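Inspection log for the structure reproduced underneath, given as structure tokens.
Only heavy atoms go into these numbers, but all of them, side chains included; no hydrogens, no water, no symmetry mates. Just so it is clear, the model here is predicted, and its values are computed rather than measured.
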Amino acid sequence: MLPIPANELNGSGALGPYWTFYHAVVAEQLRRWLPERPCLLLDLSGGRGRWPAQAAGAGHHVIEVVDFRRAPDPWLRDASNRIRRVRADDLGFLPDASIDAVIAEERVLSLELMAESTMEDVVRVLKPGGRVLACVDSLVLGMAIMAEQNYWAHLCQTGTGEVMLVPWPDGSITRCFTSAQLRELLADAGLEVEWVRPRTVLSPSTVDHVLAADTRALNWLVRTELDAHPDDDDTVGIHLVASARRPK
């Protein structure tokens, strides 16, 4: 998959059809991943995603950790009373082994540069047998961002296995992962990795071509994406997503 320009990463611009597809993939992937029985979920996406509403709609109760520096988006209002929002910068308010599943979407582990510490806290609050769904920025995205800013010397150091911190044009810094590094992050925290894969392998040009020919093809594209089985040792696409379980 070709890297996506940084100015397109907000879901607008010429790649609008791709982002429609991308968010449909995320929603379906979460639907398939969620536990079948109602349970208590922890969402770490900082109030930036629609995952709590989707999980609550499926009958689960959700504790959503909201970024204390920003107000929740209006569409995050919960009509089901199944979502409890907590403003916090760590998980100290939760007791050990109290959560059935954790959702770490919206690149939260990439925005948290000390992701190892975050994962240790996640494992602490997770019940034995509980699962984690996590999404991070990929090495491919990091290299594209640096290339756009002409950081050629930094690009020469990629692929060494070291932690890759990428400065963005807006002054923020993100941590980018290879598939192996994401697997290592989860395993070192004490989790059993179930799978690691790119969030999407279909290119924006492919998605745009198919949807331009038939707008009804979106569901078919989503199924095609999620039924694909890319080699989880490959780092392709702008984001990587993984599922892991705490041993019983």
Side-chain angles (χ1 to χ4, degrees), residues 9-11 18-91 93-94 98-112 115 118-119 121-123 125-127 130-138 174 177 182 185-186 191 194-200 218-219 222 225-226 237-246:
L9 288 171
N10 62 0
Y18 171 77
W19 288 113
T20 298
F21 160 75
Y22 180 99
H23 292 303
V25 168
V26 174
E28 177 61 15
Q29 193 168 58
L30 179 59
R31 187 192 69 80
R32 296 185 183 189
W33 182 86
L34 285 171
E36 294 183 0
R37 296 181 178 180
C39 67
L40 180 61
L41 292 163
L42 175 67
D43 179 80
L44 301 180
S45 304
R48 292 182 292 269
R50 300 173 185 260
W51 338 120
Q54 182 177 344
H60 303 286
H61 289 272
V62 182
I63 298 175
E64 181 184 14
V65 180
V66 179
D67 189 336
F68 64 93
R69 294 163 294 187
R70 58 170 287 172
D73 292 316
W75 47 261
L76 289 175
R77 293 177 182 175
D78 174 33
S80 67
N81 294 319
R82 292 195 178 100
I83 301 175
R84 177 187 175 188
R85 295 187 177 89
V86 178
R87 292 184 180 278
D89 55 2
D90 60 42
L91 302 182
F93 64 94
L94 288 172
S98 57
I99 299 295
D100 296 295
V102 176
I103 302 171
E105 280 281 2
E106 289 295 314
R107 310 163 47 238
V108 65
L109 294 177
S110 282
L111 297 173
E112 177 54 65
T118 301
M119 286 309 307
D121 221 10
V122 165
V123 173
V125 303
L126 197 61
K127 293 179 181 179
R131 301 172 74 204
V132 176
L133 183 69
C135 177
V136 298
D137 289 343
S138 75
T174 187
F177 293 79
L182 178 55
L185 172 70
L186 299 170
L191 297 171
E194 297 176 317
W195 47 262
V196 178
R197 59 160 293 154
R199 166 113 303 154
T200 60
L218 179 61
N219 290 337
V222 170
E225 177 67 67
L226 294 180
I238 58 173
H239 300 136
L240 300 174
V241 62
S243 177
R245 185 185 300 272
R246 180 178 176 180

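- A donor-acceptor distance shorter than 3.5 angstrom exists from the side chain of Q54 to the backbone of A27, with no hydrogens or angles considered.
- Side-chain contact between I63 and F93 is present, with heavy atoms from C-beta onward closer than 4.5 Å.
- The side chain to side chain contact (heavy atoms under 4.5 Å, CB included) check on R245 picks up R131, E194, with sequence neighbours excluded.
- To the nearest 0.5 Å, atoms CH2 (W51) and CG (L41) are separated by 14.0 Å.
- Residues C39 and D100 come closest through the heavy atom pair CB-OD2, 3.4 Å.
- When atom types are taken as modelled, the side chain of D121 and the backbone of L91 share a donor-acceptor pair closer than 3.5 angstrom.
- Between A104 and S45, the closest heavy-atom pair is C-OG, 4.4 Å.
- To the nearest 0.5 Å, atoms CD (E64) and CZ (R82) are separated by 15.5 Å.
- Annotation: side chain to side chain contact (heavy atoms under 4.5 Å, CB included) contacts of A58 (sequence neighbours excluded): L34, H60.
- In this structure, the separation between CG on L186 and CZ on F177 is 8.5 Å, given to the nearest 0.5 Å.
- Counting heavy atoms from C-beta on, the side chains of L94 and V86 never come closer than 4.5 Å.
- Between atom CD1 of residue I99 and atom NE2 of residue H61 there is a gap of 12.0 Å, rounded to the nearest 0.5 Å.
- Between the CG atom in L30 and the CD1 atom in I103 there is a gap of 5.0 Å [rounded to 0.5 Å].
- Annotation: side chain to side chain contact (heavy atoms under 4.5 Å, CB included) contacts of V123 (sequence neighbours excluded): A189, L191, R246.
- Remark: R107 engages D137 in a salt bridge (Lys or Arg N to Asp or Glu O under 4.0 Å) (not counting sequence neighbours).
- The minimum heavy-atom distance linking H239 with C135 is given by the pair CB-SG, 3.8 Å.
- For Q29, the side chain to side chain contact (heavy atoms under 4.5 Å, CB included) partners two or more places apart in sequence, or in a different chain, are W195, R197, R199, L226, V241.
- Contact detail for S98 and L40: the closest heavy-atom pair is O-CD2, 3.5 Å.
- For R32, the salt bridge (Lys or Arg N to Asp or Glu O under 4.0 Å) partners are E28, D227, not counting sequence neighbours.
- Shortest non-hydrogen contact noted between A56 and V62 is N-CG2, 4.2 Å.
- Summarising the geometry of V132 relative to W33, their closest heavy-atom pair is C-CZ2, 3.5 Å, with the distance given to 0.1 Å.
- Judged by distance alone, the side chain of S243 and the main-chain N or O of L133 form no donor-acceptor pair under 3.5 Å.
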